Amino acid sequence: MIPTHVTLVEVGPRDGLQNEKSPVDTATKIELVHLLQAAGLREIEVTSYVSPKWVPQMADNAAVMAGVRRRPGVRYSVLTPNLKGFEAAIADPAIQPDEIVVFAAATEAFSQRNINCSIEESIERFRPVVAAAHAQGIKVRSAISCAVECPYQGEVSPDEVERVVLLMKAIGVDHCGVADTIGVGTPRRVQAAMERALKHFPLAEVSGHFHDTYGQALPNVYACLEMGIHTFDASVAGLGGCPYAKGATGNVGTEDVLFMLNGLGIETGIDIDKLIDAAAFISGVLGRKPVSRSGNALLAKRMRAEATA
Ligand code: HMG
Ligand code: MG
């Protein structure tokens, strides 16, 4: 039985905009978050407290957090790679996140390229972050990159994924996110990786994060639904990518996942028309069409309707 309810974690403002070549201004990022929450998204990954030398696109993290008019019932999360990032994220209690994300990799090469340390070192960096977050009542999500394949090391085995799942569990993270960073996973391979997360975390605390480089993200979401998994990251207009995973395209489009879930009669609480407002807004600012197929189709349909009205 596939789930009756699904939670979509909107990662567009973070995963989406971290990879944009031209700078996106702070006001646009804030407006995007406002449109996403108006559409019914209840979990939004807003920004990253990472080094601005590594990812300049997220340098305005505090200004974005300060500008967001928070809605009750919405959980706002940020990426924190180390204690320095966590301390910056909570420095002003008025703008502190509800949730943080610590992110490791299933391969040594990606760990070095993305966060400049080994897997073990990254876990040791996260350990005090998890403890400090919990002391403040802040939930900790983890993300495991390259859970199917690594752009530098090639194929990744489920054993390699499980190793990091266990390391994350040992430091007490609340949630285990499994990421196909370069979007090459196909359903059975993704299921094999997800199984390893499900061995150690409850169903409600396992999620999928699928980039759509090879058009496999939607079948991978469906394959996870078959396993009962009901939390997925998705990105409005299919924005995204990781600056340290060259050639990888955006996350699965939130509109694509929502269109499928709506067709399956699965509740999400998200209004697709309002989601298209968000997709239209950010696509307009970026000067290109959404990458998501449903986003594009629904936007084109809206424009045809407006032209004949
Ligand atoms: P490092 O250079 O090894 O850090 O970077 P360091 O501790 O040696 O410090 C060097 C400088 O960075 C110092 O400044 C620190 O203060 C500063 P300086 O003295 O030179 O002026 N620094 C910081 N500044 C701001 N915020 C911080 C911070 N930490 C140190 N938190 C570090 C190590 C982890 C910081 C760096 O590698 C980094 O920021 N990496 C982030 C890369 C990133 O954001 N990648 C994209 C997000 S992950 C992703 O997209 C994958 C995901 O979507 C899942 C999937 O698809 O796979 C989640
Ligand atoms: Mg990603």
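Whatever order the structure lists ligands and atoms in, that order sets their numbers, starting from 1. Nothing here was measured: the structure is a model prediction, and the numbers come from that model.
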Asks: Within the 4.0 Å heavy-atom shell around Asn114, which atoms of ligand 1 are there?
Replies: 37 (O), 40 (N), 41 (C), 42 (C), 43 (C), 45 (N), 46 (C), 48 (S)

Asks: For Met58, which part has a heavy atom under 4.0 Å from ligand 1: side chain, backbone, both, or neither?
Replies: neither

Asks: Report the residue from Arg75, Arg71, Lys139 that forms a salt bridge (Lys or Arg N to Asp or Glu O under 4.0 Å) with Glu43.
Replies: Arg75

Asks: Can you confirm whether more than 12 heavy atoms, excluding those of Arg293, are under 6.0 Å from its CZ atom?
Replies: no

Asks: Please give me the minimum heavy-atom distance between Val140 and Ala133, naming the atom from each residue.
Replies: CG2-CB, 3.6 Å

Asks: If every non-hydrogen atom of Lys289 is compared with every non-hydrogen atom of Ser283, which pair is closest and at what distance?
Replies: C-OG, 4.2 Å

Asks: Within ligand 1, which atoms have a heavy atom of His211 less than 4.0 Å away?
Replies: 56 (O)

Asks: Under 4.0 Å from any heavy atom of Asn116, which atoms of ligand 1 are there?
Replies: 1 (P), 2 (O), 3 (O)

Asks: Is a donor from one side chain sitting under 3.5 angstrom from an acceptor on the other, for Thr26 and Asp60?
Replies: yes

Asks: Side chains of Thr7 and Arg42: donor-acceptor distance under 3.5 Å anywhere?
Replies: no

Asks: Check Ser51 against ligand 1 and report side chain, backbone, both or neither, counting heavy atoms closer than 4.0 Å.
Replies: both

Asks: Does the protein place a non-hydrogen atom closer than 4.0 angstrom to atom 31 (N) of ligand 1?
Replies: yes

Asks: Of the backbone atoms (N, CA, C, O) and the side-chain heavy atoms from C-beta on, which set of Gln112 has a member under 4.0 Å from an atom of ligand 1: side chain, backbone, both, or neither?
Replies: neither

Asks: Show the nearest heavy-atom pair for residues Phe210 and Met194, with the distance to one decimal.
Replies: CZ-SD, 4.3 Å

Asks: Run the numbers for me: atoms of ligand 1, each under 4.0 Å from some heavy atom of Pro52, listed by number.
Replies: 24 (N), 25 (C)

Asks: Can you confirm, on distance only, whether ligand 1 has an N/O atom lying under 3.5 Å from any N/O atom belonging to Val50?
Replies: yes

Asks: Might you check, step by step, whether the distance between atom 19 (O) of ligand 1 and some protein heavy atom is under 4.0 Å?
Replies: no

Asks: Can Arg302 and Asp277 be counted as an ion pair, charged N to O under 4.0 angstrom?
Replies: yes

Asks: Nearest protein heavy atom to atom 45 (N) of ligand 1: under 4.0 Å?
Replies: yes

Asks: Is the closest side-chain donor-acceptor distance between Thr254 and Glu10 under 3.5 Å?
Replies: yes

Asks: With atoms numbered from 1 as shown, which atoms in ligand 1 lie under 4.0 angstrom from a non-hydrogen atom of Asn82?
Replies: 27 (C), 28 (C), 29 (N), 30 (C), 31 (N), 35 (C)

Asks: With atom 56 (O) of ligand 1 as the reference point, say which of Gln18, Gln57, His209 has the nearest heavy atom.
Replies: His209

Asks: Looking only at heavy atoms, is any part of Pro81 under 4.0 Å from ligand 1, and if so is it the side chain, the backbone, or both, or is it neither?
Replies: side chain

Asks: Does Asp233 put an N, O or S atom under 2.8 Å from the Mg ion (ligand 2)?
Replies: no

Asks: CG/Leu298 to CD1/Ile276 distance, rounded to the nearest 0.5 angstrom?
Replies: 4.5 Å

Asks: Students should be able to answer this: which protein heavy-atom is nearest to atom 58 (C) of ligand 1, and at what distance?
Replies: Arg14 NH2, 3.4 Å

Asks: Strictly inside 4.0 angstrom of atom 4 (O) of ligand 1, do you find any protein heavy atom?
Replies: no

Asks: Would atom 11 (C) of ligand 1 count as contacted, meaning some protein heavy atom under 4.0 Å?
Replies: no

Asks: If you check every N/O/S atom of Asp15, which is the one nearest the Mg ion (ligand 2)?
Replies: OD2

Asks: Pull out every atom of ligand 1 sitting under 4.0 Å from any heavy atom of Ser145, numbered as shown with elements.
Replies: 51 (C), 54 (C), 55 (C), 57 (O)

Asks: We want to know whether Ser111 and Glu108 form a side-chain donor-acceptor pair, criterion being a heavy-atom distance below 3.5 angstrom.
Replies: no

Asks: Take atom NZ of Lys274 as the centre, draw a 6.0 Å sphere, and report whether it contains more than 12 heavy atoms from other residues, nucleotides or ligands.
Replies: no

Asks: Are side-chain N/O atoms of Asp256 and Ser292 paired as donor and acceptor at under 3.5 Å?
Replies: no

Asks: Any atoms of ligand 1 less than 4.0 Å from a non-hydrogen atom of Tyr49? List them with their elements.
Replies: 26 (N), 27 (C), 31 (N)

Asks: For ligand 1, which atoms sit closer than 4.0 Å to a heavy atom of Asp15?
Replies: 53 (O)

Asks: Name the residue from Tyr152, Phe103, Trp54, Phe110 that meets the ring-ring contact (aromatic ring centres under 6.0 Å, His included) definition with Tyr244.
Replies: Trp54

Asks: Output yes when a protein non-hydrogen atom is found under 4.0 Å of atom 34 (C) of ligand 1, and no otherwise.
Replies: yes

Asks: Backbone, side chain, both or neither: what part of Leu79 comes under 4.0 angstrom of ligand 1, heavy atoms only?
Replies: side chain

